[in-house]
2 protein chains.
Amino acid sequence: MAVTIVDVARVAGVGVGTVSRVLNNSEAVKESTRQKVLAAIAELNFSPDPIARSMITRRTGTVGVIMPFVTRFFGSEVLRGLINAATKQGYELVIYNVEDNKQREHYFLKLPMLRRVDGLIIVSLSPEEAIAQSFHKNNLPTVVLDGYSPLLTSIVVNNVMGAYQAVKHLIDKGHRRIGFINGIVEGSFKFNQANDRLIGVHMALSDAGIEYDPSLMLETEWNRAGGRSAAKQLLESPEPPTAIFASSDVQAVGVLEAARNHGLLVPLDLSVIGFDGVELSEIMELSTIQQPMQLMGELGFTKLLNQIENKTNEVELIRLETALVERKTTAAPLSAVN
Amino acid sequence: MAVTIVDVARVAGVGVGTVSRVLNNSEAVKESTRQKVLAAIAELNFSPDPIARSMITRRTGTVGVIMPFVTRFFGSEVLRGLINAATKQGYELVIYNVEDNKQREHYFLKLPMLRRVDGLIIVSLSPEEAIAQSFHKNNLPTVVLDGYSPLLTSIVVNNVMGAYQAVKHLIDKGHRRIGFINGIVEGSFKFNQANDRLIGVHMALSDAGIEYDPSLMLETEWNRAGGRSAAKQLLESPEPPTAIFASSDVQAVGVLEAARNHGLLVPLDLSVIGFDGVELSEIMELSTIQQPMQLMGELGFTKLLNQIENKTNEVELIRLETALVERKTTAAPLSAVN
DNA sequence: TTGTACGCGTTATCAA
DNA sequence: TTGATAACGCGTACAA
């Protein structure tokens, strides 16, 4: 049916081994025979079957990406960086969407066995130790983005400093009463975004000599509804904050909605700052803490490729820095005018 | 190294053929031996190698998705539907991002040869006739979403009626002077979204007895900057429109920005309606024409699967209907109050 | 009902 | 420098 390496060999009048050598430009092949083979390949419009190739090389040329699609905005940006890097290196990307824990377990357990992918990128998920170990055991190169495992190379942003930047920005504007809407921590990891950000908030307040008020610290879903309801709660409290830092831009948009519902003008009556720096924040003119999302994807793929090709088993923890982006939702509090 | 079907056969004390038969629950296998095999599989924690399997079956269990990632919002929603459907059917999805024409040609030409995917989904791209023919020739099942090819099953929304709905909505509100910001048509296809929407606009105006004013019809990029600059032009014209229909939600957000820059209040001074119904429109409280994006993905995958499994070569053109979603950016014009 | 042997298309080994 | 041949792991005729 399809034209194979054998056909090429026959047409070129050489052995299959020689054709293979030309294909992989390995070892020395006499230039004249090389040309003959090349001519035959062109004539037959032959291209080697990747599957048969995988059979022997035990390489597929594809890497898997496991990510929860719910983090749509953030995840899309990371994915973009991943795809760019993968394409550039001639790799293919297969996406495994995980909406729930069942699916996650499924992929985490199955993928290492099936040698369908040369490596794995895990986004916004922190695999448990047992899982990470099984990756090691099946020596499946793995990199975690926006998540952490002590056994796997992980790339995160400096969440402590990011949160610090956000709160410091508000303090610099003159705010003293600052609400913090954190994201829900999933699982019980020692290391996670939410914890780190809380620490950053704490540090910034402490550095400015502002007393930490637990009643201003809420924890809710990473989405808009979460931000909205948490903000509602904060704004209805006896002593509402003059500024709110939300743990994601989407949450911050929820805060904006809540403010509007309460008849508050942003940034006049309430300053709002988000986290992530997705395109949405730009559209909403939201001040935010910018994460280098595409970079994270590109760097993550590069690190994975190193593991795949160089067999570097070195585990790294890479922290990328965030940047404050001041837009139109943060300003001095009204009280400062008094 | 890895445990193979041979190991299972040895442990179970049967031949490899029997193991294979159990694996594919094909033909009749005596229950007792079936159990023996199953026990051995469990004991060895064996799972068949998909690659070796592909070698024989000439099936990979993966479907390729070619899409321009620039259409982030729209594409993400479609992708989500695709992934859902694919996962449910045990298929994997590999994403090919095309940012420019070179890449597109590359994938269009290479993919059919390499039998890496069982089928192809093309999103927001209309392959040329020659390309579509090559898909047929290599009998690679292909479905086009949000695009069209006469040779391939294509799923689109009814763009004519969608645009009609949008403009009719504005007319019903009392607008007579309506601007239309269309997207740029790429390539020179007889069939495309932009043309169809222009026709819908025309129809709606005509049905209402409103004269068509070409100076109100602009064509620009599908992005925010495009919407903004086109709106600027419309609003600075001697006789500016009281309402603008933009061909995408992202463009519409650009229109919102332009309105703000001109000191116009939406919807008081200017009504704005978009197209797509991405999450952004909800956040911006933008009236819009909703496309069934996830459905498009799911249906597309289902149609592809039919081709893959049933070898149905029937070419369909499926038109999905849009729905008007009225939010807070459309209202009666001020002039109507007079 | 079950076991054996062959073939899928390629790379890798080894002898020539 | 090159050709023949053995893997790679599985499905499937065919024979038993």
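Numbered from 1 within each chain, the chains take letters A, B, ... in sequence-line order. Every heavy atom of this structure was used, including side-chain atoms; hydrogens, water molecules and symmetry mates were not.
- The phosphate of C/dT11 has OP1 or OP2 within less than 4.0 Å of a side-chain N or O from A/Ser20.
- Along DNA chain C, the nucleotide nearest B/Arg34 and the nucleotide nearest B/Arg115 are compared for position; the residue whose nucleotide lies closer to the 5' end is B/Arg34.
- The distance between atom CG of B/Leu44 and atom C1' of D/dG9, rounded to the nearest whole Å, is 15 Å.
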Interface polar pairs with nucleotides 3-5 of chain D, N/O, under 3.5 angstrom:
unit_1: D/dG3; atom_1: OP2; unit_2: A/Gly15; atom_2: N; d: 2.9
unit_1: D/dG3; atom_1: OP2; unit_2: A/Thr18; atom_2: OG1; d: 2.4
unit_1: D/dG3; atom_1: N7; unit_2: A/Arg21; atom_2: NH2; d: 2.8
unit_1: D/dG3; atom_1: O6; unit_2: A/Arg21; atom_2: NH1; d: 3.3

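- If you take CG of A/Leu23 and C1' of C/dA12, they are 14 Å apart, rounded to a whole angstrom.
- A donor-acceptor distance shorter than 3.5 angstrom exists from the side chain of B/Ser126 to the backbone of B/Tyr148, with no hydrogens or angles considered.
- For B/Arg115, the side-chain contact (heavy atoms from CB on, under 4.5 Å) partners at least two apart in sequence or on another chain are A/Asp49, A/Ile51, B/Arg58.
- The nearest whole Å value for the distance from the CD atom in B/Gln35 to the P atom in C/dT1 is 15 Å.
- Using modelled atom types, one side-chain atom of B/Ser54 and one backbone atom of B/Pro50 make a donor-acceptor pair closer than 3.5 Å.
- Partners of B/Glu298 according to the side-chain contact (heavy atoms from CB on, under 4.5 Å) rule, which considers only residues two or more places apart in sequence or in another chain, are B/Asn84, B/Ala85, B/Gln294.
- For B/Asp7 (side chain) and B/Thr4 (main-chain N/O), a donor-acceptor pair under 3.5 Å exists by modelled atom type.
- One atom, CZ of A/Arg59, and another, P of C/dA12, lie 11 Å apart when rounded to the nearest Å.
- Looking at A/Thr57, its side chain does come within 3.5 Å of a backbone N or O of A/Arg53 through a donor-acceptor pair.
- DNA chain C is contacted by A/Phe46, A/Pro48, A/Asp49, A/Ala52, A/Arg53, A/Met55, A/Ile56 of residues 45-56 of chain A, taking any non-hydrogen atom closer than 4.0 Å.
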Give the C-alpha distance, both sets of side-chain angles, the deciding distance and a yes or no for salt bridge (Lys or Arg N to Asp or Glu O under 4.0 Å) between A/Glu31 and A/Arg34. CA-CA 5 Å; A/Glu31 187 54 27; A/Arg34 219 179 84 83; 3.4 Å; yes
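- Rounded to an integer number of Å, the gap from B/Asn25 CG to C/dT1 C1' is 16 Å.
- Side chain of A/Asp118 to backbone of A/Gly61: a donor-acceptor contact under 3.5 angstrom is found.
- Contacts of A/Glu316 classified as side-chain contact (heavy atoms from CB on, under 4.5 Å), with partners at least two apart in sequence or in another chain: A/Thr153, A/Lys303, A/Glu314, A/Ile318.
- At least one donor-acceptor pair closer than 3.5 Å links the side chain of A/Thr87 to the backbone N or O of A/Ile83.
- Contact annotation: B/Thr33 side-chain N/O to C/dT2 OP1/OP2 distance is under 4.0 Å.
- Distances from the side chain of A/Arg58 to the nucleotides D/dG9, D/dT2, C/dT11 place D/dG9 closest.
- In the region residues 4-12 of chain A, proximity to DNA chain C at under 4.0 angstrom, judged on heavy atoms, holds for A/Thr4, A/Ile5.
- Judged purely by atom type and a 3.5 angstrom limit, B/Thr62 uses its side chain to pair as donor or acceptor with the backbone of B/Arg116.
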